[in-house]
Amino acid sequence: MPKRRKKSKYKFAKIGKKKYYFYSIKWLDITGDAGHNTPEEFDKFQCATMISQAYLYKKTKKFVWTFSSYDQDDEVFSDRNVFPRGVILQMTKVQL
């Protein structure tokens, strides 16, 4: 009897022969302001904590590449981002 493959419990897209897993990524974004502020107001100024949900294309020690859209018939990616690893607070693989 042939062995049955274990079904993945994580969301993924299969493009070509490769699986790309879906992640929720929490990261810090710069915040800017061109207005006038007091020192007390300036001390409260913080980076924005952002959440991106996308497929993981690849990652290295320095960067993480993601995409959110893809062509179902060709190996073509859209809605792409590259994150410096230093801004990423958390990466969570999304379960089905």
Side-chain angles (χ1 to χ4, degrees):
M1 188 185 295
K3 253 187 174 179
R4 287 178 46 174
R5 285 188 176 183
K6 187 177 177 183
K7 196 171 185 181
S8 177
K9 65 180 180 176
Y10 298 105
K11 182 177 178 178
F12 67 89
K14 189 169 183 180
I15 302 169
K17 294 182 179 185
K18 187 171 179 187
K19 288 182 182 178
Y20 297 92
Y21 287 93
F22 194 75
Y23 279 79
S24 181
I25 302 168
K26 184 187 287 188
W27 57 283
L28 289 177
D29 196 7
I30 62 169
T31 304
D33 179 22
H36 296 77
N37 293 110
T38 66
E40 293 78 26
E41 292 169 320
F42 199 2
D43 288 340
K44 295 176 187 174
F45 202 41
Q46 297 181 6
C47 290
T49 301
M50 305 298 292
I51 303 290
S52 293
Q53 295 184 332
Y55 294 97
L56 181 67
Y57 178 73
K58 71 176 182 178
K59 62 183 177 178
T60 64
K61 289 181 181 180
K62 292 185 179 185
F63 300 103
V64 172
W65 287 259
T66 66
F67 64 94
S68 295
S69 300
Y70 59 94
D71 187 315
Q72 68 178 6
D73 298 322
D74 291 319
E75 202 168 347
V76 177
F77 306 93
S78 300
D79 302 318
R80 301 169 301 139
N81 288 301
V82 177
F83 297 90
R85 291 291 291 254
V87 303
I88 295 175
L89 300 174
Q90 181 180 14
M91 289 180 61
T92 306
K93 197 184 289 188
V94 175
Q95 292 189 2
L96 293 173

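Numbers for residues simply follow the sequence, beginning at 1. These numbers come from a predicted model, not from an experiment.
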Using side-chain contact (heavy atoms from CB on, under 4.5 Å), reason through K59 and R85 one step at a time and then give a plain yes or no.
CA-CA 9 Å; K59 62 183 177 178; R85 291 291 291 254; 3.8 Å; yes
Taking it one step at a time, do L28 and L89 satisfy side-chain contact (heavy atoms from CB on, under 4.5 Å)?
CA-CA 7 Å; L28 289 177; L89 300 174; 4.0 Å; yes
What verdict does the side-chain contact (heavy atoms from CB on, under 4.5 Å) test give for L96 and K9, after you've listed the backbone C-alpha separation in whole Å, the side-chain angles of each residue and the deciding distance to 0.1 Å?
CA-CA 6 Å; L96 293 173; K9 65 180 180 176; 5.8 Å; no
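Atoms OG and NZ, from S8 and K14 in turn, are 12.0 Å apart once rounded to the nearest 0.5 Å. The line from CG of D29 to SG of C47 is 7.5 Å long, rounded to the nearest 0.5 Å. Atom CD1 in I88 sits 10.5 Å away from atom CZ in F63 (nearest 0.5 Å).
Residue pairs that meet the ring pair (Phe, Tyr, Trp, His ring centres under 6.0 Å) test with at least one member in residues 70-91, sequence neighbours left out, are Y20-F77, W27-F83, Y55-Y70, Y57-F77, F67-F77.
By the rule that hydrophobic residues join a cluster once side-chain heavy atoms approach within less than 4.5 Å of another member, Y10 and Y23 end up as members of one cluster. Residues L56 and F22 are members of separate hydrophobic clusters, defined by side-chain heavy-atom contacts under 4.5 angstrom among Ile, Leu, Val, Met, Phe, Trp and Tyr. In the hydrophobic clustering of this structure, I25 does not group with V94; members are Ile, Leu, Val, Met, Phe, Trp, Tyr whose side-chain heavy atoms approach within less than 4.5 Å, directly or through other members.
Counted within 6.0 Å of CD on Q95, heavy atoms from surrounding residues, nucleotides or ligands total more than 12; the atom is thus considered enclosed. For NZ of K26, the number of neighbouring non-hydrogen atoms (other residues, nucleotides, ligands) closer than 6.0 Å is 12 at most.
A search for ring pair (Phe, Tyr, Trp, His ring centres under 6.0 Å) contacts involving Y21 returns F12, not counting sequence neighbours. Not counting sequence neighbours, T31 has no partner by the side-chain hydrogen bond (donor to acceptor under 3.5 Å, both in side chains) test. Under the rule for a side-chain hydrogen bond (donor to acceptor under 3.5 Å, both in side chains), the partners of D79 that lie at least two apart in sequence or sit in another chain are S69. Under the side-chain hydrogen bond (donor to acceptor under 3.5 Å, both in side chains) criterion, E41 pairs with N37, T38, sequence neighbours left out.
Between S24 and Q53, the shortest heavy-atom contact is OG-NE2, 3.8 Å. Nearest approach of I15 to D74, heavy atoms of both residues: CG2-O, 4.3 Å.
In the hydrophobic clustering, where aliphatic and aromatic side chains (Ile, Leu, Val, Met, Phe, Trp, Tyr) are joined below 4.5 Å either directly or transitively, F45 groups with F42.
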